[in-house]
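Accompanying notes for the structure given below.
None of the values given here were measured: they were computed from a predicted structure.
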Amino acid sequence: MRDAPAASPPRALSVLGMVACLGALFFAGWLAWCAAFQFGGVATEAKVTRTYQQRRQPKRGKSYLTTYGVIRYADQEGRPHTDEIQLRLNETVGSKIPVRYLSSRPHDSRRDDFWDIWGLATIMAGIFAPTIGLIWLAERRRGRRTAARNPFQPTPS
């Protein structure tokens, strides 16, 4: 009768591994919020009522102007709401813009397109996923190099 192989003790998760796990949980929550906004949000059309420009000054480099618009839209119950969004090239006062809002928060709207709802999450996924993959590979290599040693076995001289 053969003996079953001894179970190896569970490996402790390194600090980088724990940070990666916490980051993955945060990122999963962010993606859930994006999905809730995209699939559970109410789509409507907003009208630009006023525009203004704001000068942005990065730490280094030239300053630039960003155009914002005050939009007005009605929720499902017909109550009017206003919000501010960044305008694109050809949007002026009177332009109609598709927006989306959550029925629980009708005063908070986003432009109804992929980049305004999922854009930042997509960019961060392009950074976060390879970083997690590299941490995972580093952990595997480190685990192979530091194999469990028998403390009762004499060390070679």
Side-chain angles (χ1 to χ4, degrees), residues 2-46 48 51-71 73 81 83-91 95 97-157:
R2 294 184 178 210
D3 291 334
S8 63
R11 279 192 319 152
L13 197 59
S14 71
V15 173
L16 284 176
M18 291 187 343
V19 168
C21 288
L22 289 174
L25 287 173
F26 171 77
F27 191 65
W30 189 7
L31 289 177
W33 179 88
C34 289
F37 211 90
Q38 178 72 43
F39 302 116
V42 178
T44 189
E45 197 169 73
V48 178
T51 63
Y52 65 94
Q53 292 184 332
Q54 188 173 19
R55 183 167 298 283
R56 298 283 181 171
Q57 178 66 42
K59 290 185 180 182
R60 298 178 188 174
K62 287 185 170 183
S63 65
Y64 58 94
L65 289 175
T66 303
T67 304
Y68 291 92
V70 177
I71 59 170
Y73 59 96
H81 296 279
D83 202 356
E84 295 179 1
I85 62 169
Q86 186 174 350
L87 296 178
R88 302 219 172 112
L89 297 175
N90 57 356
E91 295 167 339
S95 298
I97 299 172
V99 295
R100 189 172 288 271
Y101 65 90
L102 293 175
S103 57
S104 61
R105 298 179 52 141
H107 57 279
D108 185 22
S109 66
R110 301 279 186 271
R111 186 186 302 265
D112 191 12
D113 68 359
F114 178 82
W115 286 109
D116 282 342
I117 295 174
W118 294 91
L120 189 56
T122 304
I123 292 168
M124 292 306 291
I127 296 168
F128 186 73
T131 303
I132 295 298
L134 290 173
I135 290 171
W136 178 75
L137 283 173
E139 289 291 316
R140 282 193 61 182
R141 282 191 176 170
R142 189 178 72 149
R144 286 183 187 157
R145 277 187 267 147
T146 58
R149 295 192 177 113
N150 185 352
F152 300 109
Q153 186 176 16
T155 57
S157 305

>> Quick check against the 3.5 Å criterion: does Asp83 have a side-chain atom that pairs as donor or acceptor with the backbone of Ser109?
In response: yes

> Any side-chain heavy atom of Ile117 sitting closer than 4.5 Å to one from Asp112?
Replying inline: yes

> Backbone N or O of Pro106 within a donor-acceptor pair of the Tyr73 side chain at under 3.5 Å?
Replying inline: yes

> To the nearest 0.5 Å, what is the distance between CD (Glu45) and OG (Ser95)?
Replying inline: 10.5 Å

> What pair of heavy atoms forms the shortest contact from Ala125 to Pro130, and how long is it?
Replying inline: O-CD, 3.7 Å

>> Quick check: closest heavy atoms across Ala36 and Leu102, and the distance to 0.1 Å?
In response: O-CD2, 3.7 Å

> How far does CH2 of Trp118 sit from CD1 of Ile123, to the nearest 0.5 angstrom?
Replying inline: 14.0 Å

>> Using every non-hydrogen atom in the two residues, find where Ala121 and Leu31 come nearest and quote the distance to one decimal.
In response: CB-CD2, 3.9 Å

> Could you state the interatomic distance from CD (Gln53) to CG (Leu65), rounded to the nearest 0.5 Å?
Replying inline: 5.0 Å

> Do you know which two heavy atoms are closest between Arg111 and Leu87, and how far apart they sit?
Replying inline: NH2-CA, 3.9 Å

>> Under the rule for side chain to side chain donor-acceptor pair (under 3.5 Å), what residues qualify as partners of Arg60, not counting sequence neighbours?
In response: none

> Do the non-hydrogen side-chain atoms of Val48 and Ile71 ever get within less than 4.5 Å of each other?
Replying inline: yes

> Should the ring pair Tyr101 and His81 be called parallel, tilted or perpendicular, given that the plane angle runs from 0 to 90° and is split at 30 and 60?
Replying inline: tilted

> Atom OG1 in Thr51, atom CD in Glu91: separation rounded to 0.5 Å?
Replying inline: 11.0 Å

> Take atom OH in Tyr52; do more than 12 heavy atoms of anything else shown fall under 6.0 Å from it?
Replying inline: yes

> So Trp30 and Phe27, would you call those rings parallel, tilted or perpendicular, with 30° and 60° as cut-offs?
Replying inline: perpendicular

> To the nearest 0.5 Å, what is the distance between CZ (Phe39) and SG (Cys34)?
Replying inline: 10.0 Å

>> Exactly one of Arg88, Arg100, Arg110 should register a salt bridge (Lys or Arg N to Asp or Glu O under 4.0 Å) with Asp116. Which one does?
In response: Arg88

